Amino acid sequence: MMYGKLLILLAASHLVFALKENPSILIIGSGPSGIAAATRLWKHNFTNIKVLEAENRIGGRVHSVKFGDAYVDLGGEWCHGKKDNIVYNMVKEYNILRHTNVNIQMYYANGTLLGHDIYNNLIEFAESIDASVNNTEVEEACGNFASIGECFDKRFNSTFIKIYKNDSGKQTISLEAKEWLQNYMLGYDSPSTLYDLARRSSYKRCEGDLALNWNGRGYKTILEVMLQQYPDKNKELSVVNNILFNKEVTRIDWGNNTQVDVLCTDNTTYTADHVICTASLGVLKSSHGTLFEPGLPAEKVDAIRKIGFGAIMKIILHFPYTWWNTAQAYAFVWSAEDKEKVLTEFGKGPVKNGRSWLTTNVMFFTAENNPKVLISFFAGDMIPEIEQESDEVLIAGCMYMFRKFLGGTYKNISDPDDIIKSTWRTNPHFRGTYSFEHASHYEQGLPDKLAAPITGKNGNPTVMFAGEATHPYYFSTVHGAIESGYREADRLIHYYAPE
Ligand SMILES: Cc1cc2nc3c(=O)[nH]c(=O)nc-3n(C[C@H](O)[C@H](O)[C@H](O)COP(=O)(O)OP(=O)(O)OC[C@H]3O[C@@H](n4cnc5c(N)ncnc54)[C@H](O)[C@@H]3O)c2cc1C
């Protein structure tokens, strides 16, 4: 026993010795990647750490809010898959994650419930487009199109005219459902149009259930696990005390090759041996030119420009009572006539190219363990305007849709008594939701270029980059963000204690 303790002490003192002078490290951002980097470094005895966070909370694009009976997520919501998924692996022993049962019912603008075959055929079509990515055979059939949008448009009408050649009613409705399917597909990758989405991809899915939910605890649970606040609060890592809020960094001066100076909007300054920047690609796109002094290397600027960064939006409503079927989710198919009619009949909120914002809705579904709450997704090119709309108009728009599409089925629809909405696109600390591969600038290896550290004269990593967009194949996800944070922490750990 004593001998074992002695070995542990020796091992620990070796690491401290190897670290020499406990280098100073600044981590910009306390999203999943920033928390991953901070906790891994802390556990390896790097204690001279500060995390500078622009918002007044941790989590970044993981933002779980108590709403109704449980937590709802304004940002990341599902753990996508099991195999090789670091999020799944970190929590599997706690048995928190649950399969999400999304039984989507499609309603038509005249209030009728559409047959399941229409929904199934639409999803099958979306999957066939998805399968065309990186597939040279389909490439030929699609005429070497660069974007998902071009392939989608080339094949949609002919596919549904053929499927429903003997049923003109269903043929019309399925053709009218084209816009809904586009919204649905936009929701996955977040571009404003499918024409921006490349038909080449390096993204890898983790095998297994792609929609594991947090059973009402929210995705914030993963932050609690990393900080060791869950399952036992007494084991919390004290690095949590080194996170400073309302610290918006406006300048990262890396010109002197040895140390980096960082300036915040409140005029505080920090100097460190190493900086790990985890600001989103949206933030880098809008401010890398002023944020870094000297400017970033040309290759990195090129990656920042070429990788896509888009936005989706959630509107979450709480009702005094449950008037819908909580085992179902709801998708709405607008008829051509009603798409026109809504412009005058409802007429509030953003309109673009003759389309009402209401037609950009993807679906409504019940929140986990939260039977009085409906969560809705919106996607496409109107997100910036919808985010800035008043709560009154957003509620009125959702109510207009409920009464129009579901009024025939549910006779006791009530107004909501509370609403929360996401504003990722307009918030300057995010400027969008997640990265995607852009059709006009697709190239392999862009995330690696974004991730490449800036090194000083001796090869010492001075400014490092983490965050979902820097992951070569899990970009756009929480598990990708966490892996990227660990990657940069390991870079420093190996730099100071080479094997
Ligand atoms: C609506 C939505 C739904 C999503 N759904 C899923 C999902 O179901 N499953 C999934 O796996 N992923 C999902 N994602 C993606 C996932 O949430 C992100 O990939 C992940 O959270 C990104 O983590 P990050 O650490 O890279 O960046 P962030 O979480 O953005 O963290 C960066 C941090 O840096 C801070 N910051 C920015 N600029 C500055 C500055 N100048 N100074 C100081 N601090 C700054 C920000 O405030 C932020 O806290 C979703 C995201 C959104 C928005």
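Side chains are part of it too, since the values below use all heavy atoms of this structure and drop only hydrogens, waters and symmetry mates. Atoms within each ligand, like the ligands themselves, are counted from 1 in listed order. Nothing here was measured: the structure is a model prediction, and the numbers come from that model.
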Under a 4.0 angstrom heavy-atom cut-off, which atoms of ligand 1 come close to [X]?
X	result
Leu74	1 (C)
Ala279	37 (C), 38 (N)
Ala481	22 (C), 23 (O), 24 (P), 26 (O)
Ile28	42 (N), 43 (C), 44 (N)
Trp78	7 (C), 8 (O), 9 (N), 10 (C), 11 (O)
Glu55	47 (O)
Gly467	26 (O)

Mode of [X] contact toward ligand 1 - side chain, backbone, both, neither (heavy atoms, under 4.0 Å):
X	value
Met313	neither
Cys79	neither
Val87	neither

Legend entry - Any side-chain donor near an acceptor of the partner, Glu236 and Gln229, under 3.5 Å: yes

What residue and atom, counting heavy atoms only, is the protein's closest point to [atom], and at what distance?
atom	value
atom 41 (N) of ligand 1	Val249 O, 3.0 Å
atom 47 (O) of ligand 1	Glu53 OE2, 2.6 Å
atom 25 (O) of ligand 1	Ser33 OG, 2.6 Å
atom 16 (C) of ligand 1	Val478 CG2, 3.7 Å
atom 28 (P) of ligand 1	Arg61 NE, 3.6 Å
atom 26 (O) of ligand 1	Glu468 N, 2.8 Å
atom 6 (C) of ligand 1	Gly76 CA, 3.3 Å
atom 15 (C) of ligand 1	Ser476 O, 3.3 Å

Inset, instruction - Identify which of Gly59, Gly81, Ser30, Pro32 has a heavy atom lying nearest to atom 23 (O) of ligand 1. - result: Pro32

Legend entry - Phe346 atom CZ, neighbour heavy-atom count above 12 within 6.0 Å: yes

Legend entry - Salt-bridge criterion met for Glu368 and Arg217 (N-O under 4.0 Å): no

Legend entry - Test: Glu483 and Arg487 ion pair at under 4.0 Å: no

